[in-house]
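Dropping a structure here in structure tokens format, bear with me for questions.
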There are 2 protein chains.
Amino acid sequence: MPDPWDNKQPIYKQLRDRVADLIMDGAIAEGDAVPSVRQVSAEQKINHITVAKAYQELVDEGVLVMRRGLGMFVLDGARKKLIIAERTKFKEFEVPALFERLTHLGLSISELQAALKEIDRTKKSK
Amino acid sequence: MPDPWDNKQPIYKQLRDRVADLIMDGAIAEGDAVPSVRQVSAEQKINHITVAKAYQELVDEGVLVMRRGLGMFVLDGARKKLIIAERTKFKEFEVPALFERLTHLGLSISELQAALKEIDRTKKSK
DNA sequence: TATAGTGTTATATTAAACTATATCACTATG
DNA sequence: CATAGTGATATAGTTTAATATAACACTATA
């Protein structure tokens, strides 16, 4: 398997997004510890400072809290908070950008809808 | 007005996308010259090498051609070629990523559709 | 009280993107 | 043929991201 990182965004940003997704999905529950900096660093073969930088972003967002000597933990209420914040980002920036993209490509909203439903069917049937 | 560049992608990539959009929209017609490297460099206050790098990508894609001493020109058939290539990128990569994004945010395809139509109505009524 | 596991900090190095300045080769036009 | 407008090239410097290596401070536990 090739590296799971693309070069369109810094690794620490991608890692932050990944952890945020896991929290929003409930795969990492509130109160739980997030995988340790050293563990992620070793498993993903990336520098521990890169991992710490990703976690620090989530600390700044009020999603994670650091307990000295213990690790980083998901705060209570973090899941809802994250989803609200990400939905706002989505509607404010990503949806308008998507609309522009459709316009330039000469594609309709219906065509996008069809493509999304196609993926939905594919996922459900496995 | 702040800088029209975001920091999520290198400037030369963003510039390449902008020019590609102009060509797909027909704002720059086939056979026309694209704004000169020096002109863009001066207007946007970015280095000329950054501009040349953006244009070079479009040359490599078979969209632009360089005529020594004259400038860079949009090739015949480039518009259609670009639209086909960009639509492929869209369906192969962007739509699946969008589907995942919706899943993580707990949003439905219908909700996205509604948000897009809202933008559509806003744009049409101006 | 060692030991191992947390996150943090410090130093040095590499690579990519971007910048500033200057110069070169080619083309059309006065 | 001089001039101004093309893109390309060369040199050197800054910034950001990421790396490698080492050491530090704190916490739980054997």
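Values below: every heavy atom of this structure, side chains too, minus hydrogens, waters and symmetry copies. Throughout, a chain's letter reflects where its sequence line sits, starting with A, and its residues are numbered from 1.
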Other cluster members, B:Ile84 - Ile/Leu/Val/Met/Phe/Trp/Tyr, side-chain contacts below 4.5 Å: none
Residues clustering with A:Leu75 (ILVMFWY side chains joined when closer than 4.5 Å, directly or via others): A:Val65, A:Leu70, A:Phe73
Scan the side chains in residues 20-28 of chain B for donor-acceptor partners under 3.5 Å anywhere in the protein, sequence neighbours excluded, and list what turns up.
from    : atom 1 : to       : atom 2 : distance (Å)
B:Asp21 : OD2    : A:His104 : ND1    : 3.3
B:Asp25 : OD2    : A:His104 : NE2    : 3.3

Side chain to side chain donor-acceptor pair (under 3.5 Å) partners of A:Asp32, counting only residues at least two apart: none
N/O (side chain, B:Tyr12) to phosphate O (OP1/OP2, C:dC18) under 4.0 Å: no
Outermost DNA chain D nucleotides near chain B [under 4.0 Å, heavy atoms]: D:dG5 to D:dA10
B:Val95: partners by side-chain contact (heavy atoms from CB on, under 4.5 Å), with sequence neighbours left out: A:Leu112, A:Ala115, A:Leu116, A:Ile119, B:Phe90
Criterion side chain to side chain contact (heavy atoms under 4.5 Å, CB included) against A:Thr50, the qualifying member of A:Val40, A:Ile11, A:Val37: A:Ile11
Side chain to side chain donor-acceptor pair (under 3.5 Å) against A:Arg79, all qualifying residues, sequence neighbours excluded: none
Nucleotide-resolved protein contact map, nucleotides 7-14 of chain C, B/S/- at heavy-atom distance under 4.0 Å: BBBB----
Results of side chain to side chain donor-acceptor pair (under 3.5 Å) for B:Asp6 - residues two or more places apart only: B:Gln14
